[in-house]
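In what follows, chains carry the letters A, B, and so on, assigned in the order in which the sequence lines appear, proteins first and then strands, with residues in each chain numbered from 1.
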Amino acid sequence: MNKMIKAQKGTKDILPVDAEQWQNLEFKALEVFSNAGFQEIRTPIFEATELFARGVGDTTDIVNKEMYTFEKSERSLTLRPENTAGVVRAYIENGMHRLSTPVKLWYKGPMFRYERPQAGRQRQFHQVGVEMFGIKEPAADAEVILLAVNYLKSIGLKDLDVEINSLGCPVCREAFRDNLRKVLKPELKNLCPDCQKRYETNPLRILDCKVKECKNILQKPEIQKIITSDYICEECREHFNDVQKYLDALNVKYKRNKLLVRGLDYYNRTVFEITSNNLGSQNAVCGGGRYDSLVKNLGGEDTPAVGWAMGMERLISLLPEVKSKKIKAYVVSNFTIEALKLTEELRSHGIITEFDMTNKKFTKQLEKASKVADFALILGEDELKNDSVSFKDLAGSKQETISRNEVFSRLN
RNA sequence: GCGGGUGUCGCCAAGGGGUUAAGGCCUCGGAUUGUGGUUCCGAUAUACAUGGGUUCGAAUCCCAUCAUCCGCCCCA
């Protein structure tokens with residue numbers, strides 16, 4: 001035998017047994033998002049590397065160490081690690097700011113990140129997500145969060161935890177960042193190496209460091225004072241309060257998590273995450289927030305936006321397994337032409353039908369039928385003479401001979 | 001990039017140095033000759049991740065590599 005070629009590390013085949021689950025997730029997405037006025041957009045799987053560097057942010061891990069980048073004709077291209085940047089690019093490039101506001105889009109598809117695979121993490125994985133452009137008001141944040149909750153409900157996931165926070169705007173966040181740096185400076189040497197880097201690149205991320213020493217340092221009163229202070233400015237606070245007011249009115253349960261800091265640079269104001277306790281350490285099924293400056297940063301009109309993405313593999317791992325549907329009817333006959341014709345006729349009536357193509361012995365065909373189908377339709381010499389069919393319920397042992405026409409009503 | 005666990009047929013597995021490496025499931029073939037789901041027989045024509053080493057002898061002990069899983073980082 002030749003050497004086996006295997007699926008690459010961190011990639012998986014989605015086999016027929018799983019396909020039904022995937023189809024259901026996709027179908028429900030179409031249904032729920034359309035209902036809320038979101039339209040599907042499909043963007044390319046690879047884009048100019050620069051799009052992600054500028055869009056996602058060049059201090060992020062995603063851009064720094066996780067991108068699948070390759071050169072072709074002296075262009076640097078990258079397999080998309082997420083889809084917000086791509087959707088924003090398409091929004092700008094296609095002049096979608098001229099469409100009536102808001103522009104509401106959703107997408108699904110594979111994303112690629114070069115990381116060590118583990119539970120709930122693959123190198124090729126799938127996300128479903130929504131983006132809404134053109135609305136700066138907090139109602140947009142609330143609608144988008146509600147949509148996430150509704151989608152999860154529609155696929156059968158309830159009781160997940162919604163956490164929200166506000167990162168403030170560039171102005172107030174910068175002030176907070178400076179304060180944080182100031183108060184952390186004396187402890188800089190005692191922070192873990194990662195946090196020492198974060199101190200430079202994104203000090204907010206130090207807040208959710210899991211290293212014990214860092215956690216202890218953060219407990220110091222003078223540091224706590226900064227962390228717990230409501231640093232965001234008046235306008236940002238009002239925005240955030242409204243978001244919460246709307247969510248309350250919509251009966252969306254959430255927790256405020258002051259340490260929630262998302263890893264992508266483009267977020268401002270509202271950020272949120274939806275997590276589950278049943279996922280191991282990769283516990284987020286949904287992450288998102290507002291990104292009011294991204295469209296402008298990527299060369300478009302200044303356009304506020306808010307959106308989220310969910311990891312489809314993680315959703316599926318939370319869902320109970322489904323048994324695949326059985327074949328409805330199995331035609332048992334040694335008259336191949338007649339079996340073919342009856343099968344085709346049943347299928348044209350929308351009945352899932354198979355017949356035995358190998359023309360095996362009667363008992364063998366019936367044995368097969370009992371394994372894969374609900375009903376056997378026996379078409380032998382006698383039945384052919386009378387233009388009838390023997391209709392056998394394979395769950396029990398009832399069998400009766402009925403006319404051809406009756407078959408369809410029995411099976412519907 | 002860093003830590004830890006695990007690799008025996010398509011799947012689940014037993015065996016922890018000694019002649020043909022159990023068993024179960026699935027699949028396929030056969031027996032019961034127009035009646036299946038039970039039973040019985042048989043097959044899957046060289047399955048111990050790979051490469052070294054120790055040994056008279058290795059699936060079993062050692063080393064390396066690879067794969068996979070779990071955790072860190074980060075994210076969905």
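- Ring geometry for A:Phe33 versus A:Trp308: interplanar angle over 60°, hence perpendicular rather than tilted (30 to 60°).
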Interface polar pairs with nucleotides 64-70 of chain B, N/O, under 3.5 angstrom:
residue : atom : partner  : partner atom : Å
B:rC70  : OP2  : A:Ala119 : N            : 2.6

All N/O contacts under 3.5 Å from nucleotides 40-42 of chain B to the protein, with atom names and distances to one decimal?
none

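- Side-chain N/O atoms of A:Gln365 and base N/O atoms of B:rU35 include no donor-acceptor pair closer than 3.5 Å.
- Across every strand in view, B:rG1 sits in a pair with B:rC72 that passes the Watson-Crick or G-U test at under 3.5 angstrom.
- Side-chain atoms of A:Arg269 never come within 3.5 Å of backbone atoms of A:Phe240 as a donor-acceptor pair (strictly under, hydrogens ignored).
- Using a 4.0 Å heavy-atom cutoff across all strands shown, A:Glu313 reaches no nucleic acid atom at all.
- When the C1' atom is used for both B:rA22 and B:rA47, the distance is 13 Å, rounded to whole Å.
- Straight-line distance between the C1' atoms of B:rU35 and B:rA49: roughly 47 Å, to the nearest whole Å.
- The same atom, C1', is picked in B:rU55 and in B:rG3; the two are 34 Å apart, to the nearest Å.
- For the pair A:Arg410 and A:Phe375, the cation-pi test (distance below 6.0 Å, angle within 45°) is failed.
- At the heavy-atom level, A:Ala309 lies under 4.0 Å from the strands shown only through sugar-phosphate atoms.
- Across all strands shown, B:rG29 forms a Watson-Crick or G-U wobble pair, both distances under 3.5 Å, with B:rC41.
- A:Gly288 comes within contact range of no nucleotide atom at all, as no heavy-atom separation falls under 4.0 Å.
- The closest donor-acceptor contact from the side chain of A:Glu313 to the backbone of A:His126 lies under 3.5 Å.
- At the heavy-atom level, A:Glu82 lies nowhere under 4.0 Å from the strands shown.
- Judged by distance alone, the side chain of A:Tyr114 and the main-chain N or O of A:Lys65 form no donor-acceptor pair under 3.5 Å.
- Computed from coordinates, the A:Glu367 CD to B:rA31 C1' distance equals 11 Å when rounded to whole Å.
- Between A:Leu366 and A:Met310, the residue whose closest nucleotide on RNA chain B is further toward the 5' end is A:Leu366.
- For the pair A:Phe391 CZ and B:rG36 C1', the interatomic distance rounds to 16 Å; values are reported in whole Å.
- Each of A:Tyr114 and A:Asp382 has a nearest nucleotide on RNA chain B; the 5'-most of these lies closest to A:Tyr114.
- In this structure B:rU19 sits in no base pair that meets the Watson-Crick or G-U test at under 3.5 Å.
- For the pair A:Arg121 CZ and B:rC72 C1', the interatomic distance rounds to 9 Å; values are reported in whole Å.
- One P atom belongs to B:rU68, the other to B:rC61, and the distance between them is 24 Å to the nearest Å.
- On the P atoms, B:rG10 is 14 Å away from B:rU46, given to the nearest whole Å.
- Distance alone, capped at 3.5 Å, places no donor-acceptor pair between the A:Glu383 side chain and the A:Thr401 backbone.
- A:Tyr151 contributes a side-chain N or O that, together with a main-chain N or O of A:Leu25, makes up a donor-acceptor pair within less than 3.5 Å.
- A 3.5 Å limit on both hydrogen-bonding distances identifies B:rA64 as the Watson-Crick or G-U partner of B:rU50.
- Relative orientation of the A:Tyr68 and A:Phe112 rings is perpendicular, given thresholds of 30° and 60° on the angle between their planes.
- Counting non-hydrogen atoms under 4.0 angstrom, A:Ile378 reaches a base of the nucleic acid.
- Residue contacts shown for A:Gly287 are limited to sugar-phosphate atoms, with no base heavy atom under 4.0 Å away.
- Not one N or O on the side chain of A:Asp374 forms a donor-acceptor pair closer than 3.5 Å with the backbone of A:Ala329.
- Counting distance only, with no hydrogens placed and no angle test, the side-chain atoms of A:Glu383 and the base atoms of B:rG34 include a donor-acceptor pair under 3.5 Å.
- Proximity of a side-chain donor or acceptor of A:Arg314 to a complementary backbone N or O of A:Ala284 within less than 3.5 Å is detected.
- Separating the NZ atom of A:Lys392 from the P atom of B:rG37 is a distance of 11 Å, rounded to the nearest angstrom.
- Taking the syn range as angles within 90° of 0, the glycosidic angle of B:rG16 is syn.
- A:Glu115 has its CD atom 13 Å from the P atom of B:rC73, to the nearest Å.
- Between A:Phe362 atom CZ and B:rU32 atom P there is a gap of 15 Å when expressed in whole angstrom units.
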Interface polar pairs with nucleotides 25-29 of chain B, N/O, under 3.5 angstrom:
residue : atom : partner  : partner atom : Å
B:rC28  : OP1  : A:Lys368 : NZ           : 3.2
B:rG29  : OP1  : A:Lys360 : NZ           : 3.0

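- Taking atom C1' on both nucleotides, B:rG71 is separated from B:rC25 by 33 Å, rounded to a whole Å.
- No side-chain N or O of A:Gln124 forms a donor-acceptor pair with one of A:Thr11 less than 3.5 Å apart.
- Note on A:Ala395: a base of the nucleic acid sits closer than 4.0 angstrom, heavy atoms only.
- At whole-Å resolution of the value, CD1 in A:Ile327 and C1' in B:rG36 are 15 Å apart.
- With A:Glu354 as reference, A:Arg347 is the one residue of A:Arg347, A:Lys368, A:Lys328 to meet the salt bridge (Lys or Arg N to Asp or Glu O under 4.0 Å) rule.
- The P atoms of B:rG1 and B:rU65 are separated by 13 Å, rounded to the nearest whole Å.
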Query - Chi angles and distances behind the salt bridge (charged side-chain N to carboxylate O under 4.0 Å, His left out) call for A:Asp292, A:Lys136 - result: CA-CA 8 Å; A:Asp292 292 332; A:Lys136 63 177 192 305; over 6 Å; no
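- Using a 4.0 Å cut-off between charged nitrogen and carboxylate oxygen, A:Arg42 and A:Glu40 count as a salt-bridge pair.
- Separating the CG atom of A:Asn334 from the P atom of B:rG36 is a distance of 15 Å, rounded to the nearest angstrom.
- Rounded to the nearest Å, the gap between the C1' atom of B:rG29 and that of B:rA45 is 15 Å.
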